[in-house]
Amino acid sequence: VQLQASGGGLVQPGGSLRLSCAASGTIFSINVMAWYRQAPGKQRELVARITSGGTTNYVDSVKGRFTVSRDNTKKMVYLQMNSLKPEDTAVYYCNKVPPLVASWGQGTQVTVSS
């Protein structure tokens, strides 16, 4: 299973970014997919998850600001991030739930700073 996250960057507080994750080599449509993030000095955390049917769940700190979505035909997962805060700064990864160790990839850096 290969998962490639992209779309990160430097954004000012209050700004928006849209992350994308391309999956290959798996029966994508049946998997629960998620976005995780790891800030410097902190453990990796699950930020948002989405089932094959589109049911979503979010960690409390991003509720109302982040939206996870997926396109099963394209094997893509997205994370729309609005009203970004400095504490959202982290490397963001996509992976299954539960995650596959071999599928973490490089992630994509999101930096929220003025």
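All figures in this text were calculated on a predicted structure; none of them were measured in a lab. Numbering of residues begins at 1 and proceeds along the displayed sequence.
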Do any pairs count as a disulfide bond (SG atoms under 2.5 Å apart) and have a residue in residues 39-114, sequence neighbours left out, and if so which ones?
Cys21-Cys94
For a quick test of your reading: what N or O donor-acceptor pairs under 3.5 Å do the side chains of residues 106-113 make, sequence neighbours left out?
unit_1	atom_1	unit_2	atom_2	d
Thr108	OG1	Gly8	N	2.9
Gln109	NE2	Ala90	O	3.4
Gln109	NE2	Thr111	OG1	3.3

Name all pairs fulfilling the ring-ring contact (aromatic ring centres under 6.0 Å, His included) condition that reach into residues 40-64, sequence neighbours left out, sorted by first residue then second.
none
Under the rule for side chain to side chain donor-acceptor pair (under 3.5 Å), what residues qualify as partners of Thr55, not counting sequence neighbours?
none
I'd like to check the ring pair (Phe, Tyr, Trp, His ring centres under 6.0 Å) partners of Tyr93; sequence neighbours left out, ordered by chain and number.
Trp104
Would you mind listing every disulfide bond (SG atoms under 2.5 Å apart) that reaches into residues 31-76, with sequence neighbours excluded?
none
Under the 3.5 angstrom rule, does the side chain of Asn57 hit a backbone N or O of Arg49 as a donor-acceptor pair?
no
Here the salt bridge (charged side-chain N to carboxylate O under 4.0 Å, His left out) pairs for residues 51-69, sequence neighbours left out, are Asp60-Lys63, Arg65-Asp88
Pairs where residues 1-10 contributes a residue and the test salt bridge (charged side-chain N to carboxylate O under 4.0 Å, His left out) is met, not counting sequence neighbours
none
Pairs where residues 4-21 contributes a residue and the test side chain to side chain donor-acceptor pair (under 3.5 Å) is met, not counting sequence neighbours
Ser16-Asn82
Taking the hydrophobic residues Ile, Leu, Val, Met, Phe, Trp and Tyr, and joining any pair whose side-chain heavy atoms are under 4.5 Å apart, which ones share a cluster with Val101?
none
Find the distance between CG (Leu79) and OH (Tyr92) and round it off to the nearest 0.5 Å.
7.5 Å
What pairs of donor and acceptor atoms, side-chain ones from residues 41-48 against any protein atom, are under 3.5 angstrom apart with sequence neighbours left out?
unit_1	atom_1	unit_2	atom_2	d
Arg44	NH2	Gln38	OE1	3.4
Glu45	OE2	Arg37	NE	2.7
Glu45	OE2	Arg37	NH2	3.2

With sequence neighbours excluded, tell me which residues meet side chain to side chain donor-acceptor pair (under 3.5 Å) with Arg70.
Asn72
